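The shown structure was predicted, so the numbers you read here are calculated from the model rather than taken from an experiment. Within every chain, numbering begins at 1; the chains are lettered A, B, ... in the order of the sequence lines, protein sequences first and strands thereafter.
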Protein chains: 2
Amino acid sequence: MTTTHEPPASLTEIISRHAGRLTDLDTRLLNVLLQDPLRAAMENGKDVSSRAGVHPAAAVRLAQRLGFAGYPEFRAFLQASLVKGGSDFQDGSARIAARLMRASGEGVLSSILDSEIAALQQLRSAVSDENIRKFAETIRDGRRIFLFGRSHAATLSALVALRLRRSGYDAVDLGAALPQLSEQLVTLGPEDVLWLFAFRRPSPAVLELLQIARKRGARVLALTDIQGMRLDPAPDLLIAASRGGPGDSQSLVVPMTIANAVILDLAGIDDGRSIAALEAFRALRESLPPLMGS
Amino acid sequence: MTTTHEPPASLTEIISRHAGRLTDLDTRLLNVLLQDPLRAAMENGKDVSSRAGVHPAAAVRLAQRLGFAGYPEFRAFLQASLVKGGSDFQDGSARIAARLMRASGEGVLSSILDSEIAALQQLRSAVSDENIRKFAETIRDGRRIFLFGRSHAATLSALVALRLRRSGYDAVDLGAALPQLSEQLVTLGPEDVLWLFAFRRPSPAVLELLQIARKRGARVLALTDIQGMRLDPAPDLLIAASRGGPGDSQSLVVPMTIANAVILDLAGIDDGRSIAALEAFRALRESLPPLMGS
DNA sequence: CGTCACTTGCAATTAAAATTGCAGGCCTAT
DNA sequence: ATAGGCCTGCAATTTTAATTGCAAGTGACG
């Protein structure tokens with residue numbers, strides 16, 4: 001809600017307006033509702049709540065908390081926001097046509113989704129499970145995992161480091177503390193793993209790190225796009241996947257998905273290490289609730 | 001239903017099959033039904049019949065004449081044909097859930113791809129272009145853009161800050177220099193924009209920032225998942241999208257794609273500012289080749 | 001350690017939707 | 001014309017959905 005009005009409001013607006021008063025069960029219900037608004041608008045409160053795994057009364061109470069008199073009124077709102085036409089007289093065909101235009105019509109989001117989905121589909125054939133597995137094995141068998149990337153790749157490097165730490169691995173994002181880079185590398189040895197991220201041309205820093213790592217005998221993994229493929233001392237393992245189509249899709253969706261696959265695969269082959277660490281992390285986060293917001 | 005189930009049949013098929021036995025009132029009802037099937041699938045028999053100007057009993061009898069046990073069953077059929085035709089992720093999500101179960105062994109990548117693609121498909125209906133546009137407009141009209149997120153959201157925050165800077169905006173990732181956070185906020189004013197990222201429960205830091213920003217009159221944007229939706233002083237604009245299906249998909253693919261859409265849309269409405277800045281950046285990078293690897 | 005505020009599930013109650021028996025009306029064929 | 005068949009509305013009934021009071025549970029706060 002940019003400013004003031006209330007008459008036409010979207011579901012998310014209404015939710016955020018009452019956000020403070022919503023309970024755990026409410027969010028479970030909203031998950032189901034938002035996941036498939038069309039279906040939710042059709043079903044009755046009982047079906048929705050059973051799909052969300054909660055008591056039917058919870059649906060009623062959610063509706064009331066959101067400011068509706070009861071569930072039927074809430075559902076009517078959901079329906080109205082989908083149909084988006086008055087309830088008066090039906091000049092149906094025109095309205096349906098309009099809706100179809102809207103649904104299939106172009107929009108920024110829609111075109112981005114098309115391109116991302118296409119890129120992911122390509123991944124299916126471009127990257128093999130074997131490669132994923134080899135990455136995972138290397139990480140599993142490594143003592144410490146060093147991650148590095150610059151620019152866009154830096155954010156991915158940070159993310160992967162975070163996730164690996166949570167999975168119980170000694171992972172260090174070298175990009176996070178560039179000034180202390182030398183100190184971090186002092187102990188780099190043959191048992192360690194360096195995972196590089198490079199899109200477009202590899203930065204000098206990446207190449208330098210690569211050389212150092214090779215000299216010290218560390219294993220080197222690289223996740224790149226096609227342009228970043230030319231790493232001079234070749235890494236031990238390399239996965240290269242093109243991001244998106246024309247132009248430089250700045251998106252990290254494709255490489256991030258590959259990284260996710262590696263981390264997930266790792267959890268399947270490290271004999272419970274990831275699972276245990278993740279569980280420990282979850283428990284820790286629950287135990288000190290208000291201080292460290294994860 | 002009365003007999004064995006007819007496998008798949010469209011409404012028009014069913015109608016033509018029983019065309020001989022239909023009455024005048026049935027026709028009037030079917031007119032209304034066919035005019036707006038979506039709406040018809042949502043409403044109950046009473047509403048439909050009153051909209052058609054007939055007695056409620058007529059709706060029941062039509063359903064029975066068409067071979068259904070009663071009106072609810074007829075409506076269920078209408079709904080099923082809409083859900084199946086309109087979007088196929090109903091079947092998809094179940095299949096994905098099943099596949100994720102046995103994901104540890106084979107086809108990790110494939111199952112992750114399924115899950116991410118399904119999540120992106122859902123985005124199509126969950127987030128409107130309007131919301132994207134409003135986000136973009138707010139950023140365009142802001143003086144400085146502050147970004148903040150913790151944990152996984154921090155990497156996204158960093159990425160968006162990076163991309164906004166390249167697009168010519170004065171964007172600051174507050175997470176990058178937490179110790180200097182107070183200094184950064186000293187000048188926060190009504191012309192500034194604060195863009196928060198929060199998945200799962202919002203961290204205290206996020207809530208605190210939110211309150212400060214509101215107090216100072218800054219515009220607040222929020223990109224969250226369903227669980228992160230409960231921000232207490234409601235932000236000016238909020239986009240919430242559920243990430244993936246079962247379990248907690250740690251993936252940032254969905255929110256990242258939303259952010260990409262905002263940034264892309266921004267380039268379309270800021271009168272060349274983004275384009276010019278991106279071009280300037282590209283030229284700069286080309287000009288000093290080996291030093292700053294992007 | 002108790003108290004308060006709040007959430008949640010259950011079960012009883014209430015409201016609403018759906019169904020059906022019945023009677024009146026209309027058309028048609030004898 | 002009139003008997004029979006069929007549609008139709010009404011109203012009673014059944015079935016289903018929605019609501020709410022209540023008690024048990026939970027966590028925060030004194």
| request: Using heavy atoms and a sub-4.0 Å distance, could you list which residues of residues 69-76 of chain A are near DNA chain C? By number, please. | output: none
| said: For a quick test of reading the model: is some side-chain N or O of A:Thr23 closer than 4.0 Å to OP1 or OP2 of C:dC6? | reply: no
| remark: Among the nucleotides C:dC10, D:dG9, D:dA18, whichever has the atom closest to the side chain of A:Lys46 is D:dA18
| said: How many whole angstroms separate atom CZ of A:Phe68 from atom C1' of D:dA17? | reply: 19 Å
| field | Atom-to-atom span, CG of B:Asp26 to P of D:dC6 - whole angstrom | value | 14 Å
| task | Mind calculating the distance between CG (A:Leu62) and P (C:dT8) to the nearest angstrom? | result | 11 Å
| task | Could you label the plane-to-plane angle of the A:Phe74 and A:Phe77 rings as parallel, tilted or perpendicular, counting under 30° as parallel and over 60° as perpendicular? | result | parallel
| remark: Among the nucleotides D:dG9, D:dT20, D:dC7, whichever has the atom closest to the side chain of B:Arg65 is D:dC7
| task | Identify whether NZ of Lys or CZ of Arg in B:Arg75 sits under 6.0 Å from the centre of the six-membered ring of B:Phe68 and within 45° of that ring's axis. | result | no
| said: Could you tell me how far apart B:Leu29 (CG) and D:dC7 (C1') are, to the nearest whole angstrom? | reply: 14 Å
| field | Check: A:Thr23/A:Arg61 side-chain N/O donor and acceptor closer than 3.5 Å | value | no
| message | Checking side-chain polar atoms at under 3.5 Å, does B:Arg124 have a donor or acceptor matched by the opposite partner on A:Ser110? | response | yes
| field | With sequence neighbours excluded, residues passing ring-ring contact (aromatic ring centres under 6.0 Å, His included) with B:Phe135 | value | B:Trp195
| message | B:Asn131: which residues meet the side-chain hydrogen bond (donor to acceptor under 3.5 Å, both in side chains) condition with it, sequence neighbours left out? | response | none
| request: Measure the distance from CZ on B:Arg61 to P on C:dT20 and round it to the nearest whole Å. | output: 9 Å
| Within this structure, what is the CG-to-C1' distance between A:Asp24 and D:dT26, rounded to whole angstrom? | 12 Å
| task | Check every atom of D:dA18, C:dA11, D:dT8 against the side chain of A:Val60 and return the nucleotide holding the closest atom. | result | D:dA18
| query | Between C:dC22, C:dC10, C:dA18, which one does the side chain of B:Asn44 approach most closely? | reply | C:dA18
| Quick one: is A:Gln64 getting a side-chain N or O under 4.0 Å of the D:dA18 phosphate, OP1 or OP2? | no
| query | Tell me: NE2 of A:His55 to C1' of C:dT7, nearest whole Å? | reply | 13 Å
| Any side-chain donor near an acceptor of the partner, A:Arg166 and B:Ser151, under 3.5 Å | yes
